[in-house]
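Structure first, then comments.
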Amino acid sequence: MPEKPDQIAIDVRHVTKVFGFGPDKVHALKDVSVAIRENEFFTLLGPSGCGKTTLLRLIAGFDFPTDGEILLHGQDIAPLPPYKRPVNTVFQSYALFPHLTVAQNIAFGLEMLGRPRAEIDARVSQMLTLVRMEELRNRSTAQISGGQQQRVALARALAPQPKVLLLDEPLSALDFKLRKEMQIELKRLQHETGITFIFVTHDQEEALTMSDRIAVMSAGNILQVGSPKDIYDRPAVRFVADFIGETNFLEAAMVSSTKDRASVRLGSGAVIDASVPKGFSPSGKVTVVIRPEHARLADDGGELSGRLANIVYFGTDTHFHVDLDGGGSFIVRQQNTRDESRRAQEGDKVSIVVGTGAAQVLRD
Amino acid sequence: MASAAETARKAERDDIRKRWLLSAPALLIIFFAAAGPLGIVIVYSFLEPGSYGDVRWSFSTDAWVSVVLQRDIFDETLSIADAHVAIFWRSVTLSLATTVFAFIFGFPTAYFIATRPERTRALWLFLITIPFWTNLLIRTFAIQEVIRNEGLFNIVLLKLGLISTPIQIIYTDTAIMIGMIYVYLPLMVLPLYASMEKLDFRLVEAGYDLYATRFQVLRRIILPMVKPGIVAGSILVFIPSLGAYVTPRILGGGRNLMLGNLIELQFGQGRNWPLGASLSITLLIIVLAALLIYIRYAGTGARNHG
């Protein structure tokens, strides 16, 4: 992956958005700040109603913040109408103009910008090639498939060469296989155009596979911003750990800590090493998380022990649900091989070995 | 198997017979109340007038000639019937103006209603249709009360000192137009609303996102997409305006005739039923021509936009 320049494209500063009045007031965004770098594939991830689409609409200009600033390359764009922002959107519903052809849809933004006809034609052809839709240029948008509509929507938003492209759950209407294809396609487009992409999704897998960085949102707040690996391996709070992937939560007591490392004593009495979120100094009782694939089953000698309650076979891997001796449960995920020499049975006593650096202390 | 096929055929025959039976009342009404009388009117237009109304049963094209031409009383030369042509002209221009103004007033109204929350739209639509519950005569007299020289409009302006003598509106073409706009406005608003309600407002956002200003969004996105409503509303306003009778009669004061009044005149005081009949057919032809032009225009428009 090429080095991303650290210049900031979109700087969201203390943005609050309130909808409605009086008792119907809804705080969609609560003092949100985030800096999105130039040429970055940035994802806003969260469940529905977390405020991710609201933030996107504020950047697009369809709504205006109740408080705060949104800077685009240092200039406050929050008060500008959408047609004065060099930002384009790919809508969840695509919102293609049904009375225009594929090519006319793509040309629309350039026409509104008053570009010369020759330039528009050249750019439309270029866009059609980019999204591999050359043959369908004169089709009506009703005559093409969902995946093709998606490509037209992308081409239409990219044609005016925006500084930032906003994508509002653009893949949610596609079936599984097409979605996988489009994920790769989107990465390719972002790479080829060098435009900053801000992508909204509730699909954690989509976020992990496509993004340079992810902001996890919940209830109008950004909980954590980081690379997919950061977010997955080092979740700072319970919501992030829980929302992304499967995870095991364990109660533990602090033994000692340095700046970003800590020793914690688990319920079983074992003391393990754990990483700590930046700028957080834990004490007393804490919660640690361990991903199921960062632990493995053993006959003995592990930090945790228990009885195997359930074995769930997934094809690529197997989940072992263990009832821990001190109470609580723990899931271990193991990659399947065709080596059948050693097989645990439900009801077996097992020991769980936690990998080095697998544990993470949560802030809450 | 043969009997099964037989049964199927019989069921189909029964089905067809049932359909004819069910549509018979409607077909009878259409024939006796519309097609039949229309035939009589066509026949009458080729007869001679009776002395006290009615018709004399001898073939003549005089009525058709006098639709646009008049015979000089002294030397029997033919010249253009200025009065008739003026009335045709007034009818067409007033109806066009009424349609245009109904659109200008109706479009924002329909847009307003279509953008209200769903639960309040029914109320707004109800308010639009309230005038329909009132008799046309009463509504027209109400308009007269407002715009006549001693009416509300002039009194208010006089009292405010904005004018020193009443503005003559009543018994002018303007009065007729105001009356017709008022009467036919709902016929413009309702089809406009129907097509705007189906409008996906995310397309409007997409337009703004792609650098279109408010006016460009209106012209390039909203208008093309609500075109069916515009066409329907314009037809619904233009056609009844063309044949309007009560409104020009009351607000035009019998001086500014429209086609409807001219036709009534021929069947009444004029005692020239064949002329009345040929004028009626002429009106019908104008209406059909207008419809054809409109459908043609709407059709090519739709093709242009793919």
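Chain identifiers are assigned alphabetically (A, B, ...) following the order of the sequence lines, protein sequences preceding nucleic acid strands; residue numbering begins at 1 within each chain.
- Heavy atoms of Leu110(A) lying under 4.5 Å from chain B are absent altogether.
- Highest contact tally toward chain A, considering only Val204(B), Ile221(B), Thr213(B), is held by Ile221(B) [criterion: heavy-atom pairs under 4.5 Å].
- Rounded to the nearest 0.5 angstrom, Tyr193(B) OH and Leu199(B) CG are separated by 12.0 Å.
- Residues passing the salt bridge (Lys or Arg N to Asp or Glu O under 4.0 Å) test with Asp24(A), sequence neighbours excluded: none.
- Here Phe199(A) and Phe41(A) bring their ring centres to under 6.0 angstrom of each other.
- Interface with chain B: from residues 80-94 of chain A, residues Pro82(A), Tyr83(A), Arg85(A), Pro86(A), Val87(A), Asn88(A), Thr89(A), Phe91(A), Ser93(A) qualify, criterion being any non-hydrogen pair under 4.5 Å.
- Across every non-hydrogen atom of Gly106(B) and Leu192(B), the tightest pair is C-CD1, 3.9 Å.
- Judged purely by distance below 3.5 Å, without hydrogens or angles, the side chains of Thr43(A) and Ser211(A) pair a donor atom with an acceptor atom.
- Remark: Arg116(B) qualifies as a cation-pi partner of Phe112(B) under the 6.0 Å distance and 45° angle criteria applied to the six-membered ring.
- Among pairs with a residue in residues 106-140 of chain A, those fulfilling ring pair (Phe, Tyr, Trp, His ring centres under 6.0 Å) read Phe97(A)-Phe108(A), at least two apart in sequence or across chains.
- Within a 6.0 Å radius of CD in Glu192(A), more than 12 heavy atoms belonging to other residues, nucleotides or ligands are found.
- Using a 4.0 Å cut-off between charged nitrogen and carboxylate oxygen, Arg188(A) and Glu185(A) count as a salt-bridge pair.
- Checked by atom type, the side-chain pair Tyr294(B)/Ser234(B) shows a donor-acceptor distance below 3.5 Å.
- With a 4.5 angstrom heavy-atom cutoff, Gln143(A) does not touch chain B via any of its atoms.
- Residues of residues 112-133 of chain A lying under 4.5 angstrom from chain B, judged on non-hydrogen atoms, are Met112(A), Leu113(A) in numerical order.
- For the residue pair Glu206(A) / Thr201(A), a side-chain donor-acceptor distance below 3.5 Å is found, with atom types taken as modelled.
- When the candidates Ala60(A), Ala95(A), Ala142(A), Ala159(A) are compared by the number of heavy-atom contacts under 4.5 Å with chain B, Ala95(A) comes out ahead.
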